[in-house]
Amino acid sequence: GIDIDIHQRKKVEELLRKTQEHNRRLLLKQLEESEQRFKSLYVHNSDAIFTLNLEGEIIDTNQATEKLLGYTMEQLRNIHWESLIVPEDRSRYKKYYQKTLESGSQSFMVSMSHNDHSIREVEIKMIPIMNENECIGIYQLTKDITEAKLADEMIKRSEKLSVVGQLAAGVAHEIRN
């Protein structure tokens with residue numbers, strides 16, 4: 001009786017140990033894959049991604065940031081994020097930042113200053129970084145829409161010119177008749 005119980009107990013303990021080890025390896029593998037997917041999304045994203053702390057200080061960025069703003073990560077560490085926003089958009093930016101902290105993701109557009117003093121039109125999506133139901137920072141995805149806005153303005157201008165041309169042709173036709 002007792003010999004069988006001890007032998008049986010050792011078998012169960014061994015099986016439990018092997019199962020726990022297998023589960024631990026499986027969880028580690030899943031964690032590594034998840035980290036690699038996140039890293040790939042962060043590093044290879046064509047849009048600038050900023051990681052901001054609760055005070056709005058830049059903790060990290062991806063490589064697309066340098067292309068967007070012309071600053072290296074080292075330079076950005078010494079710059080408060082808001083100072084990159086053009087003055088007339090800063091209060092709106094602060095409002096969306098606060099809304100993100102309080103109620104979740106926000107999307108909006110602002111103008112930003114490039115290191116070469118040119119202006120970049122950007123679309124920003126702020127996403128709260130949550131840890132155990134507490135916001136500990138913000139991910140900010142920043143898409144350069146400067147070229148798209150310029151192209152849109154050119155299309156609108158050409159449409160206006162087309163209308164003026166049609167009007168002039170109509171007037172010329174009326175004058176001839």
Side-chain angles (χ1 to χ4, degrees), residues 27 29-167:
L27 285 172
K29 183 179 179 196
Q30 289 172 341
L31 179 63
E32 287 174 14
E33 288 173 359
S34 178
E35 286 175 353
Q36 287 301 314
R37 283 193 304 271
F38 176 78
K39 184 177 179 183
S40 182
L41 178 66
Y42 196 82
V43 170
H44 302 293
N45 201 315
S46 60
D47 294 336
I49 302 175
F50 296 85
T51 305
L52 307 173
N53 66 14
L54 294 175
E55 288 75 44
E57 298 166 332
I58 300 167
I59 303 301
D60 195 15
T61 66
N62 66 348
Q63 293 173 341
T65 303
E66 192 166 344
K67 181 180 177 200
L68 174 67
L69 297 175
Y71 293 98
T72 65
M73 181 56 205
E74 290 74 37
Q75 291 170 312
L76 286 171
R77 285 185 207 272
N78 300 317
I79 298 173
H80 196 277
W81 171 253
E82 283 178 17
S83 67
L84 298 169
I85 307 293
V86 296
E88 56 270 19
D89 286 347
R90 285 184 189 154
S91 65
R92 200 160 53 84
Y93 175 85
K94 287 179 189 177
K95 180 182 80 172
Y96 281 107
Y97 188 89
Q98 196 58 41
K99 273 184 164 181
T100 302
L101 293 175
E102 294 167 1
S103 56
S105 298
Q106 302 289 319
S107 295
F108 56 99
M109 289 185 262
V110 293
S111 298
M112 298 181 68
S113 301
H114 189 279
N115 196 12
D116 67 7
H117 305 291
S118 64
I119 301 297
R120 297 285 192 264
E121 301 293 327
V122 297
E123 182 176 19
I124 291 178
K125 178 156 182 93
M126 289 183 168
I127 303 165
I129 302 170
M130 303 301 289
N131 186 11
E132 296 182 7
N133 279 344
E134 183 182 345
C135 183
I136 60 169
I138 290 179
Y139 286 124
Q140 181 173 292
L141 287 67
T142 309
K143 182 177 193 66
D144 189 350
I145 58 170
T146 306
E147 299 299 320
K149 282 191 98 168
L150 289 173
D152 191 43
E153 286 174 21
M154 288 176 70
I155 289 170
K156 285 179 183 173
R157 269 192 231 126
S158 71
E159 287 172 353
K160 286 179 185 175
L161 287 174
S162 174
V163 169
V164 169
Q166 290 172 2
L167 206 66

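It should be emphasised that the depicted structure is a prediction, and the values quoted were computed from it without experimental measurement. Along the sequence shown, residues carry numbers from 1.
Judged purely by atom type and a 3.5 angstrom limit, Ser34 has no side-chain atom pairing as donor or acceptor with the backbone of Gln30. Using a distance-only test at 3.5 Å, with no hydrogens or angles considered, no donor-acceptor pair links the side chain of Arg77 to the main chain of Ile58. For Arg120 (side chain) and Met112 (main-chain N/O), no donor-acceptor pair under 3.5 Å exists by modelled atom type. Checking side-chain atoms of Tyr93 against main-chain N and O of Val110 turns up no donor-acceptor pair under 3.5 Å. Asp60 places no side-chain N or O within donor-acceptor distance of the main-chain N or O of Thr51, the cut-off being under 3.5 Å. Remark: the backbone N or O of Thr72 is paired with a side-chain donor or acceptor of Gln75 at under 3.5 angstrom.
The OH atom of Tyr97 sits 11.5 Å away from atom CD of Glu102, with the distance rounded to the nearest 0.5 Å. Atom CD of Glu66 and atom CE of Met73 lie 11.5 Å apart (nearest 0.5 Å). To the nearest 0.5 Å, atom CG of residue Asn115 and atom CG of residue Leu68 are 11.5 Å apart. From Ile127, atom CD1 reaches atom CD of Gln140 across 10.0 Å, with rounding to the nearest 0.5 Å. Once rounded to the nearest 0.5 Å, the distance linking CG of Asp47 with OG1 of Thr142 reads 8.0 Å. Atom CG in Asn78 sits 11.0 Å away from atom CD in Glu57 (nearest 0.5 Å).
Counting only residues at least two apart or on different chains, the side-chain hydrogen bond (donor to acceptor under 3.5 Å, both in side chains) pairs with a member in residues 121-139 are Ser111-Glu121.
Across all their heavy atoms, Ser46 and Ala64 have their closest contact at O-CB, 3.5 Å. Contact between Ile59 and Leu52 at its shortest, heavy atoms only, is CG1-C, 4.1 Å. Across Lys67 and His114, no two heavy atoms sit closer than the pair O-NE2, 4.0 Å. The two residues Gly137 and Cys135 make their nearest non-hydrogen contact at O-SG, 3.3 Å. Heavy atoms only, all atoms of each residue included: Asn45 and Leu41 are closest at CB-O, 3.0 Å.
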Item to check | side-chain contact (heavy atoms from CB on, under 4.5 Å) evaluation trace for Thr61 with Tyr71 | outcome: CA-CA 11 Å; Thr61 66; Tyr71 293 98; over 6 Å; no
Checklist entry - After noting the C-alpha distance and the side-chain angles of Ile119 and Ser113, does the key distance pass the side-chain contact (heavy atoms from CB on, under 4.5 Å) rule? => result CA-CA 5 Å; Ile119 301 297; Ser113 301; 4.2 Å; yes
Item to check | CA sep, side-chain torsions, deciding dist, call: Asn62, Val43, side-chain contact (heavy atoms from CB on, under 4.5 Å) | outcome: CA-CA 6 Å; Asn62 66 348; Val43 170; 6.0 Å; no
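Using a 4.5 Å heavy-atom cutoff, the side chains of Lys94 and Ser91 are not in contact.
No more than 12 heavy atoms of other residues, nucleotides or ligands shown are found within 6.0 angstrom of CE on Met109.
Using the six-membered ring where Trp is involved, Phe108 and Tyr96 have ring planes that are parallel, under 30° apart on the 30 and 60° scheme.
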